[in-house]
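Residue numbers run from 1 in the order of the sequence given. Side chains included, hydrogens not; waters and symmetry mates left out as well; all remaining heavy atoms used.
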Amino acid sequence: MVGPLHASEQDPLERINRVTYRFNEKADEWVLRPVAVTYDRYTPTPMRQGIGNFFSNLREPRYFVNNVLQGKPDRALIDLGRFVLNSTFGFLGVFDLATHWAGWSQSDEDFGQTLGYWGLPQGWYVVVPLYGGTTIRDGVGAIADWQLNLIETVDDEALEWGLLALDVVDIRAGFLDADQTLKTVYDPYSFVRDAYFQRRLAKVYDGNPPTPKLEAPDNGDVLPPWESD
């Protein structure tokens, strides 16, 4: 996990972030989680899988663009192939033929990773109301990625908001099993924040993050701050 020194440097807004984190917890407890539980309980598994595949397919253009920007043409071509195959023969992505028939694995690239790939530091950790934890770099990246969201191309505003809501509920339902884990940790805020740092570091380096350096501060204590990604 992120060392103490690193956490304090990257989370100078911790007091404010904790207040926002508690607000998001209550919003999830009162609204989003009950809806996600109901969705998970009463929606047949094949239907849930198809819904998840559909929204996952809509993210393929984002993966394609970011792989191009990261100089990964082979991976970008697979993203493009996945999108074409699943959007046509997979009935708008409801069936993931690219994975189960063609054997093309899915990417998971975003503009925040692209900025990190090109050396931009992640910046401060910020908890955004009704969104969750992010960093300045990843927040900027999320805004850029939103421009590639195909749901935005839907002309019917009611349908657009309905699709967005269904996507959020489907994603939340996928994390229901993690709820019990958070109940067992002493400080859920720190756990979520440090896990976020670790996950983003691994993603920027495609699963091979740099080895932490051991540095001795003036007081003689040895702390393992991570190198900036």
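Residues satisfying the side chain to side chain contact (heavy atoms under 4.5 Å, CB included) criterion with Ala102, sequence neighbours excluded, are Leu85, Trp104. Looking at residues two or more places apart in sequence or on another chain, you find a side chain to side chain donor-acceptor pair (under 3.5 Å) between Arg172 and Asp28, Asp179. Scored by the ring pair (Phe, Tyr, Trp, His ring centres under 6.0 Å) test, Tyr196 finds Tyr125 as partners (sequence neighbours excluded). By the side chain to side chain donor-acceptor pair (under 3.5 Å) test, Ser105 is found to be paired with Arg75, residues two or more places apart in sequence or in another chain being considered. Residues satisfying the side chain to side chain donor-acceptor pair (under 3.5 Å) criterion with Ser87, sequence neighbours excluded, are Asn57. Asn67 is linked by a side chain to side chain donor-acceptor pair (under 3.5 Å) to Asp79, Ser107, counting only residues two or more places apart in sequence or in another chain.
Judged purely by distance below 3.5 Å, without hydrogens or angles, the side chains of Asp11 and Asn17 pair a donor atom with an acceptor atom. Using modelled atom types, one finds a donor on one side chain and an acceptor on the other under 3.5 Å when comparing Asp96 with Asn86.
For the pair Glu109 and Arg62, the minimum side-chain heavy-atom distance is 4.5 Å or more. Contact check for Gln70 versus Gln113: side-chain heavy atoms found under the 4.5 Å cut-off. A heavy-atom distance below 4.5 Å is not found between the side chains of Tyr117 and Leu69. Here the side chains of Glu25 and Glu29 are not in contact, with every heavy-atom distance at 4.5 Å or above.
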(message) Using side chain to side chain contact (heavy atoms under 4.5 Å, CB included), reason through Arg59 and Asp167 one step at a time and then give a plain yes or no.
(response) CA-CA 11 Å; Arg59 298 184 183 98; Asp167 189 20; 2.8 Å; yes

(message) Run the side chain to side chain contact (heavy atoms under 4.5 Å, CB included) test on Val140 and Ile143 for me, step by step, so that the C-alpha distance in whole Å, both residues' side-chain angles and the decisive distance to 0.1 Å come before the verdict.
(response) CA-CA 5 Å; Val140 171; Ile143 295 173; 5.6 Å; no

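Within the structure, ring-ring contact (aromatic ring centres under 6.0 Å, His included) contacts touching residues 10-38 (residues at least two apart or in different chains) are Tyr21-Tyr189. Here ring-ring contact (aromatic ring centres under 6.0 Å, His included) pairs that include residues 45-89, with residues two or more places apart or in two chains, number zero.
The pair Asp110-Arg200 counts as a salt bridge, with a side-chain nitrogen and a carboxylate oxygen less than 4.0 angstrom apart.
Gln106 and Ser56 make their closest contact through NE2-OG, 2.5 Å (heavy atoms, listed as atom of the first residue, atom of the second, distance). Nearest heavy atoms, Ala76 versus Val68: CB-CG2, 3.7 Å. Closest approach of Leu120 and Arg137 over heavy atoms only: O-NH1, 2.9 Å. Pairing each heavy atom of Thr181 with each of Phe191, the nearest pair is CG2-CZ, 4.2 Å. In terms of heavy atoms, Leu130 sits closest to Ala27 at CD2-CB, 3.9 Å. Between Phe111 and Asp145, the shortest heavy-atom distance links the atoms N-OD2, 3.0 Å.
Under the 4.5 angstrom side-chain criterion for Ile, Leu, Val, Met, Phe, Trp and Tyr, Val19 has no cluster partners at all. Members clustered with Val126: Leu13, Trp124, Val128, Tyr131, Ile136, by chain and number, using a 4.5 Å side-chain heavy-atom cutoff among hydrophobic residues. Grouped by direct or indirect side-chain proximity (heavy atoms under 4.5 Å, Ile/Leu/Val/Met/Phe/Trp/Tyr only), Leu176 sits with Val37.
Of the possible donor and acceptor atoms, none in the side chain of Asn66 sits under 3.5 Å from a partner among the backbone N and O of Thr114.
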Return a table of donor-acceptor pairs under 3.5 angstrom between the side chains of residues 152-166 and protein atoms on other chains or two or more places apart.
{"unit_1": "Thr153", "atom_1": "OG1", "unit_2": "Leu150", "atom_2": "O", "d": "2.5"}
{"unit_1": "Asp156", "atom_1": "OD1", "unit_2": "Ala158", "atom_2": "N", "d": "2.9"}
{"unit_1": "Asp156", "atom_1": "OD1", "unit_2": "Leu159", "atom_2": "N", "d": "3.1"}

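A distance of 8.0 Å separates OG1 of Thr99 from CG of Asn53, quoted to the nearest 0.5 Å.
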